[in-house]
Amino acid sequence: MSVARLGKVVPKTSILFLCDMQEKFRPNISYFPEIVSVAARMLKVAKALEIPTVVTEQYPKGLGPTVPELGAEALQKYSKTCFSMLIPEVEKEMAAVPDLKSVLLCGIETQACIMSTALDIMERGLDVHVVADACSSRSQVDRIVALSRLRQSGAFLTTSEGLILQLVRDAAHPRFREIQKLIMDPAPDSGLLPLLKGPSPLFS
């Protein structure tokens with residue numbers, strides 16, 4: 001009997017991807033400060049739970065460096081020109097995670113690099129958890145349709161807090177109090193609520 005994919009996440013078999021949150025995107029991406037703030041929260045949780053993290057930059061010569069408020073200064077940045085994050089250097093990072101099962105995906109733009117990355121990951125038989133409140137686009141139409149397309153293709157859509165609690169799993173976890181402080185305040189509004197009112201392609 002086949003077992004449906006449930007999308008359960010475990011820190012030791014997961015990796016966090018932070019995609020192309022760079023300076024030149026700042027004025028053009030909808031809810032950019034909020035998206036980066038949520039991604040920074042995910043990075044702090046990844047550090048606490050010892051989840052490996054990959055950061056990419058799309059053509060940094062033209063689009064600038066990763067924004068400092070992400071808090072990724074100590075992490076290596078992988079430069080790319082293709083939309084997918086799965087360049088050879090990132091493939092090596094993935095191969096270094098024993099029994100990798102899940103990729104936690106944040107960044108921009110949803111219809112471009114997030115889409116291409118997620119499809120490439122799923123093609124390899126891995127689960128993708130798209131953190132919807134940590135992904136955006138210039139156009140909210142592109143954002144909502146891309147999220148719907150990702151769901152159709154088998155990605156799991158989640159919020160940052162929902163994913164964090166699944167990773168921690170137990171209030172008795174030794175790092176729970178530390179992580180609880182990170183989610184004590186709700187994540188900032190990243191513009192998802194208006195997209196979910198009425199009939200939504202995300203849930204049809």
Side-chain angles (χ1 to χ4, degrees), residues 9 14-47 51-60 62-87 89-91 93-94 102-122 126-140 142-151 153 155-164 167 187-188 190-192 195:
V9 286
S14 300
I15 190 169
L16 174 64
F17 277 17
L18 301 175
C19 184
D20 305 351
M21 284 172 273
Q22 296 161 251
E23 285 291 350
K24 288 293 180 69
F25 289 121
R26 190 187 293 276
N28 301 314
I29 298 296
S30 297
Y31 298 94
F32 185 84
E34 292 80 7
I35 292 298
V36 173
S37 174
V38 175
R41 175 186 292 199
M42 289 300 305
L43 177 55
K44 289 176 182 176
V45 170
K47 289 177 179 176
I51 298 172
T53 300
V54 169
V55 183
T56 59
E57 295 178 339
Q58 179 75 14
Y59 185 56
L63 295 172
T66 298
V67 295
E69 59 265 38
L70 183 61
E73 294 87 351
L75 297 176
Q76 182 171 354
K77 316 301 187 301
Y78 294 108
S79 174
K80 64 185 181 67
T81 56
C82 58
F83 294 141
S84 175
M85 291 178 71
L86 267 62
I87 57 176
E89 297 90 339
V90 173
E91 296 260 25
E93 294 273 6
M94 296 172 70
S102 306
V103 178
L104 323 177
L105 184 54
C106 307
I108 56 178
E109 290 189 60
T110 317
Q111 81 285 1
C113 297
I114 295 298
M115 174 77 72
S116 295
T117 300
L119 293 177
D120 280 353
I121 294 166
M122 287 187 284
L126 300 172
D127 286 345
V128 179
H129 298 264
V130 178
V131 186
D133 53 341
C135 294
S136 191
S137 304
R138 289 165 295 155
S139 160
Q140 290 290 79
D142 281 332
R143 183 188 187 190
I144 191 71
V145 173
L147 288 172
S148 178
R149 166 75 165 84
L150 285 163
R151 181 171 175 267
S153 296
F156 296 102
L157 303 186
T158 184
T159 62
S160 54
E161 182 166 329
L163 185 56
I164 289 165
L167 288 165
S190 59
L192 283 174
L195 303 178

Given the rule in the side-chain contact (heavy atoms from CB on, under 4.5 Å) test, do Cys135 and Val130 qualify, once you have shown the distances and angles that lead to the verdict? CA-CA 8 Å; Cys135 294; Val130 178; 3.8 Å; yes
Could you go through the side-chain contact (heavy atoms from CB on, under 4.5 Å) check for Ile121 and Phe17 one step at a time? CA-CA 11 Å; Ile121 294 166; Phe17 277 17; 3.9 Å; yes
For Gln76 and Val55, what are the C-alpha separation, side-chain angles and deciding distance, and is it a side-chain contact (heavy atoms from CB on, under 4.5 Å)? CA-CA 7 Å; Gln76 182 171 354; Val55 183; over 6 Å; no
Intermediate values then yes/no, side-chain contact (heavy atoms from CB on, under 4.5 Å), Leu43 and Leu75: CA-CA 11 Å; Leu43 177 55; Leu75 297 176; 3.9 Å; yes
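Note that SG of Cys106 is 6.0 Å distant from CE of Met21, once rounded to the nearest 0.5 Å. With rounding to the nearest 0.5 angstrom, the CE atom of Met85 is 10.5 Å from the CD atom of Glu57. The OG atom of Ser148 sits 14.0 Å away from the CZ atom of Arg143 when rounded to the nearest 0.5 Å. Lys77 NZ to Leu18 CG: the interatomic distance, rounded to the nearest 0.5 Å, is 10.0 Å. A distance of 10.0 Å separates CG of Leu147 from CD of Gln111, quoted to the nearest 0.5 Å. Atom CE in Met115 sits 9.0 Å away from atom OG in Ser137 (nearest 0.5 Å).
The two residues Met94 and Leu126 have their closest heavy-atom pair at CE-CD1, 3.6 Å. Closest approach of Leu105 to Val128, counting heavy atoms only: CD2-CG1, 4.1 Å. For the pair Cys113 and Asp20, the tightest heavy-atom approach, listed with the atom from each and the gap, is SG-OD2, 3.3 Å. Minimum heavy-atom separation, Ile35 to Ser30: CG1-O, 4.2 Å. Between Asn28 and Lys24 the shortest heavy-atom distance is ND2-O, 3.6 Å. Counting all heavy atoms, side chain and backbone alike, Val131 lies closest to Thr159 at CG1-C, 4.1 Å.
When side chains are defined from C-beta on, Ile29 counts as touching Glu109, because their heavy atoms get closer than 4.5 Å. Considering only heavy atoms from C-beta on, Asp142 stays 4.5 Å or farther from Thr110 through its side chain. Taking 4.5 Å as the limit, every side-chain heavy atom of Phe25 sits out of range of all side-chain heavy atoms of Val36. You'll find the side chain of Glu23 reaches within 4.5 Å of the side chain of Pro68, heavy atoms only. Residues Leu163 and Met42 are in side-chain contact: their nearest non-hydrogen atoms beyond the backbone lie under 4.5 Å apart. Between Gln22 and Pro60, some side-chain heavy-atom pair lies under the 4.5 Å cut-off. Using a 4.5 Å heavy-atom threshold, the side chains of Leu167 and Leu104 count as touching. Contact check for Ile114 versus Cys19: side-chain heavy atoms found under the 4.5 Å cut-off.
Side-chain atoms of Ser37 never come within 3.5 Å of backbone atoms of Pro33 as a donor-acceptor pair (strictly under, hydrogens ignored).
For NZ of Lys44, the number of neighbouring non-hydrogen atoms (other residues, nucleotides, ligands) closer than 6.0 Å is 12 at most. A 6.0 Å sphere centred on CZ of Phe32 holds more than 12 heavy atoms belonging to other residues, nucleotides or ligands.
A donor-acceptor contact under 3.5 angstrom links the side chains of Ser160 and Asp133, judged on distance only. Between Ser153 and Arg149, the side chains place a donor N or O and an acceptor N or O closer than 3.5 Å (distance only, hydrogens not considered).
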